[in-house]
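Side-chain atoms are counted along with the backbone in the values below, which use heavy atoms only and exclude waters and symmetry mates. We name chains A, B, ... by the order of the sequence lines, and we start the count at 1 in each one. As the structure is a computational prediction, the values presented were derived from the model and not from experiment.
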Amino acid sequence: MAPKRDSADGVYAISVAAELSGLGLSSLRLYERKGLIAPSRTEGGTRRYSEDDMQRLEHISELVEAGLNLEGIKLVLALEAENAQLRAQLAKARATPAR
DNA sequence: TTTCTAACA
DNA sequence: TGTTAGTA
């Protein structure tokens, strides 16, 4: 059967995540430590990076190159998430003929 | 693979 | 402050 995969459960080991993102192994671990990213874990405790995580890593990579430090990036990611949520609410409100 | 530590820029 | 290398 066709195994259904979600962008939220793409499974990458940290080594391939580092390879694809162009970052170092230690850096990825540091990012998680700083709270910039939160990959899921297997029972054994190994990190599993999803497709979403990969996009997030690329995003982080861009911000790093922009000159932001990890704390700053953390704030940007939080604000972007909040902004996306607010936009979704606004779109929903506009689509509702309530009035 | 994980974590921690130390050194470097 | 963030990355890299070596370790158990």
Side-chain angles (χ1 to χ4, degrees):
Chain A
M1 320 247 155
K4 298 175 181 165
R5 49 178 196 219
D6 208 324
S7 68
D9 56 40
V11 178
Y12 299 98
I14 188 171
S15 58
V16 335
E19 193 76 22
L20 297 177
S21 64
L23 296 166
L25 300 178
S26 308
S27 297
L28 298 188
R29 296 188 179 115
L30 180 63
Y31 293 167
E32 181 180 11
R33 208 163 222 248
K34 292 285 186 176
L36 273 62
I37 194 168
S40 60
R41 299 285 192 128
T42 62
E43 294 181 9
T46 60
R47 297 175 178 77
R48 310 308 303 228
Y49 290 84
S50 69
E51 202 63 54
D52 289 344
D53 290 329
M54 295 309 298
Q55 290 189 323
R56 195 179 177 84
L57 281 178
E58 279 210 32
H59 193 162
I60 292 172
S61 181
E62 291 177 9
L63 296 176
V64 168
E65 290 183 36
L68 289 164
N69 63 23
L70 301 187
E71 280 305 311
I73 293 174
K74 186 176 178 180
L75 290 175
V76 170
L77 292 175
L79 289 173
E80 287 180 340
E82 183 181 5
N83 183 269
Q85 184 184 8
L86 291 173
R87 281 178 177 279
Q89 287 181 12
L90 180 59
K92 185 177 183 180
R94 279 175 171 162
T96 304
R99 198 185 307 173

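For the atom pair CD1 (A/Ile60) and CG (A/Leu70), the distance works out to 8.5 Å, reported to the nearest 0.5 Å. Separation of atoms OG (A/Ser50) and CZ (A/Arg5) is listed at 13.0 Å; rounding is to 0.5 Å. Remark: A/Tyr49 OH to A/Met54 CE distance equals 9.0 Å, nearest 0.5 Å. The CG atom of A/Leu57 sits 11.0 Å away from the CG atom of A/Asp52 when rounded to the nearest 0.5 Å.
No more than 12 heavy atoms of other residues, nucleotides or ligands sit less than 6.0 Å from atom CZ of A/Arg33.
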Under 3.5 Å, N/O pairs linking protein and nucleotides 1-3 of chain C:
| from | atom 1 | to | atom 2 | distance (Å) |
| --- | --- | --- | --- | --- |
| C/dG2 | OP1 | A/Leu70 | N | 2.2 |
| C/dT3 | OP1 | A/Tyr31 | OH | 2.9 |

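At B/dT1, none of the side-chain N or O atoms of A/Arg47 fall inside 4.0 Å of OP1 or OP2 (strictly under the cut-off).
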Tell me, with the steps shown, if A/Arg41 and A/Glu32 meet salt bridge (charged side-chain N to carboxylate O under 4.0 Å, His left out).
CA-CA 12 Å; A/Arg41 299 285 192 128; A/Glu32 181 180 11; 3.3 Å; yes

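Distance, A/Tyr12 OH to B/dT1 C1': 19 Å, rounded to whole Å.
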For residues 17-31 of chain A, please give each side-chain donor-acceptor pair under 3.5 Å, one per line with the distance, not counting sequence neighbours.
| from | atom 1 | to | atom 2 | distance (Å) |
| --- | --- | --- | --- | --- |
| A/Ser21 | OG | A/Ala17 | O | 2.7 |
| A/Ser21 | OG | A/Ala18 | O | 3.4 |
| A/Ser21 | OG | A/Leu23 | N | 3.4 |

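In this structure, A/Arg33 reaches the sugar-phosphate backbone alone: every heavy-atom distance under 4.0 Å involves primed, P, OP1 or OP2 atoms, never a base. If you check every strand for non-hydrogen atoms under 4.0 Å, A/Arg29 touches a base.
Using a 4.0 Å cut-off between a side-chain N of Lys or Arg and a carboxylate O of Asp or Glu, A/Glu80 and A/Arg56 do not qualify as a salt bridge.
DNA chain B forms stems at B:4-9 with C:1-6, each a run of 3 or more consecutive Watson-Crick or G-U wobble pairs whose two key distances fall under 3.5 Å.
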